[in-house]
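The block underneath contains the structure these notes are about, expressed in structure tokens.
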Amino acid sequence: MGKFGLQFKATLENVTNVRPVGDDFRWYLKLKCGNCGEVSDKWQYITLLDSMPLKGGRGSASMVQKCKLCSRENSIDILRDTITPYNAEDSERFKTIVQFECRGLEPVDFQPQAGFAAGGAETSTQFPEINLQEKDWTDYDEKASESVGIYEVTHQFIKC
């Protein structure tokens with residue numbers, strides 16, 4: 001069993017409080033079996049709404065799956081209390097935005113998609129529907145009369 005932190009890094013222009021929105025936010029991951037090393041070839045997503053029972057009645061996890069190669073049962077759970085926004089002062093630095101508790105597997109890749117939100121750095125303007133799949137996002141803050149953006153989105157995983 002181990003905890004892995006997803007660290008997010010981006011260049012923020014006139015926005016702050018970049019965050020996933022809602023319990024149905026989809027964390028798209030590629031996962032590696034800790035037993036045989038098999039990496040999933042397709043993106044798999046987990047949400048806070050997902051809850052599957054663990055074998056032997058040991059609680060639940062966001063996802064429980066059997067490895068296609070070695071048939072070992074593995075699980076991953078989103079640690080709700082670790083979800084943290086990425087703010088203007090974090091710009092261009094890695095910051096852990098969520099942690100996952102993993103049994104028998106580890107996350108090896110993350111694909112940001114739709115479901116992020118942010119606020120204007122100097123205004124109360126909200127940007128509720130941000131899609132980061134292209135690793136860049138731009139808009140315009142009418143209240144501040146300036147462009148806003150999230151650029152060069154990248155990530156890494158760390159063992160916690």
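Every heavy atom of this structure was used, including side-chain atoms; hydrogens, water molecules and symmetry mates were not.
- If you take CD on Glu106 and CG on Leu31, they are separated by 9.5 Å, rounding to the nearest 0.5 Å.
- No more than 12 heavy atoms of other residues, nucleotides or ligands lie within 6.0 Å of CD in Glu129, so this atom counts as exposed by the packing criterion.
- Taking the six-membered ring for Trp, Tyr151 and Trp137 have ring centres at least 6.0 Å apart.
- Closest non-hydrogen pair, Pro112 versus Val153, comes out as CG-CG1, 4.1 Å.
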Output, in order, the C-alpha distance, side-chain angles, deciding distance and verdict of side chain to side chain donor-acceptor pair (under 3.5 Å) for Ser124 and Lys143.
CA-CA 8 Å; Ser124 60; Lys143 291 179 184 165; 3.0 Å; yes
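- Counting only heavy atoms from C-beta outward, the side chains of Ile78 and Trp27 approach each other to under 4.5 Å.
- Taking all atoms of both residues into account, the shortest heavy-atom contact from Pro85 to Asp90 is O-OD2, 4.1 Å.
- Ile158 belongs to no hydrophobic cluster with other residues, because no ILVMFWY side-chain heavy atom falls under 4.5 Å from its own, directly or through intermediates.
- The closest donor-acceptor contact from the side chain of Arg93 to the backbone of Glu89 lies under 3.5 Å.
- The minimum heavy-atom distance linking Gly115 with Phe25 is given by the pair O-CD1, 3.4 Å.
- Ring-centre distance between Tyr45 and Trp43: not below the 6.0 Å cut-off.
- Looking only at side-chain heavy atoms (C-beta outward), Met52 and Ser62 stay at 4.5 Å or farther from each other.
- If you check the side chains of Lys135 and Thr154, you find no donor sitting under 3.5 Å from an acceptor.
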Candidate pair Gln99 and Glu101, rule side chain to side chain donor-acceptor pair (under 3.5 Å), full reasoning:
CA-CA 7 Å; Gln99 289 181 22; Glu101 188 170 316; over 6 Å; no
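- Not a single donor-acceptor pair under 3.5 Å links the side chain of Thr47 to the backbone N or O of Arg26.
- No option in Thr138, Ile130, Asp136 other than Ile130 meets the side-chain contact (heavy atoms from CB on, under 4.5 Å) test with Ile150.
- For Thr125 and Asp141, the side-chain atoms include at least one donor-acceptor pair closer than 3.5 Å.
- Shown here is Gln133, whose CD atom has more than 12 heavy atoms of other residues, nucleotides or ligands within 6.0 Å.
- Closest heavy-atom contact between Ala61 and Ile76: CB-O, 3.6 Å.
- Ring pair Phe127/Phe116: centre-to-centre distance not below 6.0 Å.
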List the steps, then state whether salt bridge (Lys or Arg N to Asp or Glu O under 4.0 Å) holds for Arg80 with Asp23.
CA-CA 9 Å; Arg80 178 186 294 270; Asp23 287 355; 3.0 Å; yes
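- For the residue pair Ser60 and Ser51, a side-chain donor N or O sits within less than 3.5 Å of a side-chain acceptor on the partner.
- The aromatic ring centres of His155 and Phe8 sit 6.0 Å or more apart.
- How far SG of Cys102 is from NZ of Lys3: 11.0 Å, rounded to the nearest 0.5 Å.
- Of the options Gln65, Arg103, Met63, a side-chain contact (heavy atoms from CB on, under 4.5 Å) to Ser75 is made by Arg103 and by none of the others.
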